[in-house]
Amino acid sequence: MQIQLNGEAKHLAAGLTVAQLIDSLGLRGRRIAVERNEEIVPKSEHKITRLVDGDRIEIVHAIGGG
């Protein structure tokens, strides 16, 4: 399937979850926010939210400062 990830086309295996996408990008355990088709996906739903062809995904990293 094809999705848009942070504005760029990306080809993925069908049936992938948001959690699996995060893992494949090496972002597990990091402070991130995921938006799917302009709606925030709560962290509690990452494992059950399946991506579908044409989804637009935005992943934003939280950056701390001090």
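Not measured: the values here are computed from a predicted model.
- Side-chain contact between I40 and V34: absent, with no pair of heavy atoms (C-beta onward) separated by less than 4.5 Å.
- Residues satisfying the side chain to side chain contact (heavy atoms under 4.5 Å, CB included) test with V60, not counting sequence neighbours, are none.
- Scanning for salt bridge (Lys or Arg N to Asp or Glu O under 4.0 Å) contacts around E38 gives R56, with sequence neighbours left out.
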*Test side-chain contact (heavy atoms from CB on, under 4.5 Å) applied to T49 and R36, step by step*: CA-CA 10 Å; T49 302; R36 177 180 175 229; 3.6 Å; yes

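- In this view, R50 satisfies the salt bridge (Lys or Arg N to Asp or Glu O under 4.0 Å) rule with no residue, not counting sequence neighbours.
- Listed by first and then second residue, the side-chain hydrogen bond (donor to acceptor under 3.5 Å, both in side chains) pairs involving residues 5-21 are T17-Q20 (not counting sequence neighbours).
- Annotation: side chain to side chain contact (heavy atoms under 4.5 Å, CB included) contacts of A9 (sequence neighbours excluded): Q2, Q4.
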Check residues 21-33 and write down every donor-acceptor pair under 3.5 Å in which the side-chain atom is one partner and the other belongs to a residue at least two apart or another chain.
residue: D23; atom: OD1; partner: R28; partner atom: NE; Å: 2.9
residue: S24; atom: OG; partner: L21; partner atom: O; Å: 2.8

*May I have the step-by-step check of side-chain contact (heavy atoms from CB on, under 4.5 Å) for E35 and V41, ending in yes or no?*
CA-CA 6 Å; E35 183 180 277; V41 179; over 6 Å; no

